[in-house]
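Comments concern the structure below.
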Amino acid sequence: MTAAHPIEQAWLSTGGTGAQNYDEFADESKITRIIEANPTSMLAVEMPDRTPEARAAGLDFTAALPAAVERLSALQETGRFAPASQVVVAYRISGDDGHTAYGLFCMVDTDEISTSAEEPGRVIRNEDVFIEKVRQRAALNERLGHLLSPVLLVQNAKVEELQAALTEACAGPPAVTDVDPQGRRHEIWPVPAGPQQDRLCELAGGGELIVADGNHRSLAAQVGGLPRFLAVVTTPESVTIQPYHRLLNRMPITGGELADALTRRGATVTTVSGPLDTPAEPGVVHLYTEGTTYAVRLPEGTGTVVDRLDHARVEAVVFREVLAMDAGDPRITYVGGDYPPGWLAEQVDSGGAVAAVLIAPVSVEDFIFVNLERLKLPRKSTWFTPKARAGLVLADLR
């Protein structure tokens with residue numbers, strides 16, 4: 001039996017509503033600028049406290065929720081979305097780099113979510129979360145009665161068949177095309193009830209599904225008691241993992257003292273000349289502070305494969321042992337792969353942060369292995385690209 005199902009009542013974008021997901025921004029002030037430039041962006045609904053009006057009035061997320069309801073209703077009433085019933089939606093992302101990704105917008109059973117080997121379920125969630133973000137997503141779902149952005153799930157069964165079926169479904173003119181800031185084209189094709197839809201649901205929901213992006217959104221569905229959540233199911237062939245770095249906005253010691261403390265704890269620390277860059281391979285992380293780049297080989301972890309990942313070693317040695325910080329400390333900003341190393345260096349050089357930690361990306365193979373073993377990754381350790389856009393397909397829960 002499949003865990004993937006049609007969207008009973010969907011709203012399909014007619015253009016102009018696509019947006020980066022709310023959690024893709026290291027600097028949330030950028031969200032306000034995007035909304036100013038495009039008021040129909042789904043970010044104005046997903047992040048109502050970041051609209052220019054909310055910022056001017058000093059509204060927090062909860063106080064801004066009524067405005068989010070009004071904005072979504074206005075978008076629907078003015079034709080920015082078209083209704084559709086009992087559909088799944090084939091999804092294609094393509095760019096100038098020649099890589100094409102495919103996925104399927106559908107609904108997935110919430111009771112299939114598993115967070116450990118002892119918990120049955122085919123949807124494997126794999127990272128720690130920030131509980132306040134979960135509460136915000138759950139509150140937004142409840143007030144809107146809609147799901148705005150999908151959880152990205154990587155299918156691990158019959159992936160070649162699913163890839164072929166999705167490629168076949170993305171034929172003819174798309175219902176809408178949206179272009180992201182990297183110039184990638186996001187296109188959708190609704191698939192109505194019938195044999196093709198049945199086959200797509202069977203392939204998308206017939207095996208184990210790994211949460212690649214949307215741990216907070218999937219937990220928000222559970223917290224809100226939703227029987228199903230909105231997802232894009234994709235294949236390993238369609239995704240890549242970029243680096244996920246860390247910025248330290250404040251810390252209790254200087255950059256030089258941090259480098260010395262890491263050496264005392266058994267790390268090999270050497271200075272590196274040239275522009276700041278992501279490490280070429282796992283095993284070494286780059287620390288940038290006070291105008292100096294250090295290549296840091298941390299002591300090897302013991303235990304599971306997760307304990308040996310660079311992200312876990314940074315959490316254990318740099319954050320907990322040396323700086324006495326929990327990984328959820330608000331002084332740490334998690335910066336996804338869409339931000340280049342030069343941007344992190346600028347934040348440190350300008351005084352916006354005191355240090356940057358750059359980490360090589362986790363491989364797709366390691367990501368799948370860790371999840372199938374029902375182990376948990378350090379939070380914010382995988383930045384999947386290309387990411388599904390919010391605001392292209394909505395699920396109406398009413």
Side-chain angles (χ1 to χ4, degrees), residues 6-7 9-22 24-25 30-31 33-46 71-72 74-85 87-107 146-153 162-192 196-197 200 204 212-214 230-235 237-240 242 338 384-396:
I7 308 169
Q9 180 61 53
W11 293 89
L12 308 183
S13 176
T14 59
T17 60
Q20 293 168 263
N21 289 288
Y22 73 94
E24 294 184 40
F25 299 90
K30 186 177 179 181
I31 296 176
R33 296 194 294 271
I34 290 173
I35 296 170
E36 285 177 328
N38 179 19
T40 64
S41 164
M42 191 48 53
L43 279 172
V45 183
E46 286 232 84
R71 279 180 180 269
L72 179 58
L75 291 172
Q76 293 169 323
E77 291 168 2
T78 57
R80 287 290 183 174
F81 288 97
S85 300
V87 296
V88 296
V89 182
Y91 184 21
R92 184 174 72 194
I93 309 172
S94 54
D96 295 336
D97 60 359
H99 181 259
T100 302
Y102 294 91
L104 185 75
F105 278 96
C106 59
M107 301 298 286
H146 291 71
L147 301 178
L148 310 180
S149 56
V151 177
L152 183 63
L153 300 175
L162 176 59
Q163 186 86 353
L166 289 170
T167 302
E168 181 181 350
C170 297
V176 74
T177 298
D178 189 85
V179 180
D180 68 22
Q182 287 72 42
R184 293 181 292 241
R185 296 175 298 281
H186 297 249
E187 301 166 304
I188 58 172
W189 287 260
V191 180
Q196 186 180 34
Q197 184 187 101
L200 286 167
D213 186 61
L230 181 64
V232 165
V233 179
T234 189
T235 64
E237 182 180 341
S238 287
V239 295
T240 58
Q242 291 189 13
D338 285 351
F384 277 86
T385 59
K387 287 184 178 291
R389 297 277 274 174
L392 298 183
V393 177
L394 313 184
D396 194 329

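Sequential numbering from 1 along the given sequence is applied to the chain's residues.
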* **side-chain contact (heavy atoms from CB on, under 4.5 Å) assessment of Val45 paired with Leu75** => CA-CA 10 Å; Val45 183; Leu75 291 172; 4.2 Å; yes
* Let me see the working for Asp338 and Gln242 under side-chain contact (heavy atoms from CB on, under 4.5 Å), right down to the final yes or no. => CA-CA 8 Å; Asp338 285 351; Gln242 291 189 13; 4.0 Å; yes
* Could you point out which residue of Thr17, Ile7, Leu72, Leu12 forms a side-chain contact (heavy atoms from CB on, under 4.5 Å) with Leu394? => Leu72
* **Heavy-atom pair with the smallest gap, counting every atom of Arg389 and Ala19** => NH1-C, 3.3 Å
* Considering residues, nucleotides and ligands other than Asp96, do more than 12 of their heavy atoms fall under 6.0 Å from its CG? -> no
* Asked: Near Glu36 CD, under 6.0 Å, is it more than 12 heavy atoms from other residues, nucleotides or ligands?
  -> yes
* Asked: Minimum heavy-atom separation for Gly391 to Ser13, with atom names?
  -> O-CB, 3.4 Å
* Between atom CD1 of Ile93 and atom CZ of Arg184, what is the distance when rounded to the nearest 0.5 Å? -> 7.5 Å
* To do: Determine whether Ile34 and Gln20 make a side-chain contact, defined as any pair of heavy atoms from C-beta on separated by less than 4.5 Å.
  => yes
* Provide the closest heavy-atom pair for Leu104 versus Ala204 in the form atom of the first, atom of the second, distance. => CD2-CB, 3.9 Å
* Considering all heavy atoms of both residues, which atom of Phe81 and which atom of Thr14 are nearest to each other, and what is their separation? -> N-OG1, 4.0 Å
* Asked: In terms of heavy-atom contacts, does CD of Glu237 have more than 12 from other residues, nucleotides or ligands at under 6.0 Å?
  -> no
* Quick check: does any side chain N or O of Trp189 sit under 3.5 Å from a backbone N or O of Gly172, one acting as donor and the other as acceptor? -> yes
* Find the distance between OH (Tyr102) and CD (Gln163) and round it off to the nearest 0.5 Å. => 7.0 Å
* **Residues Met107, Leu147; criterion side-chain contact (heavy atoms from CB on, under 4.5 Å); working and verdict** => CA-CA 10 Å; Met107 301 298 286; Leu147 301 178; 4.1 Å; yes
* Asked: Is Arg80 reaching over with its side chain to a backbone N or O of Gly15, donor-acceptor style, under 3.5 angstrom?
  -> yes
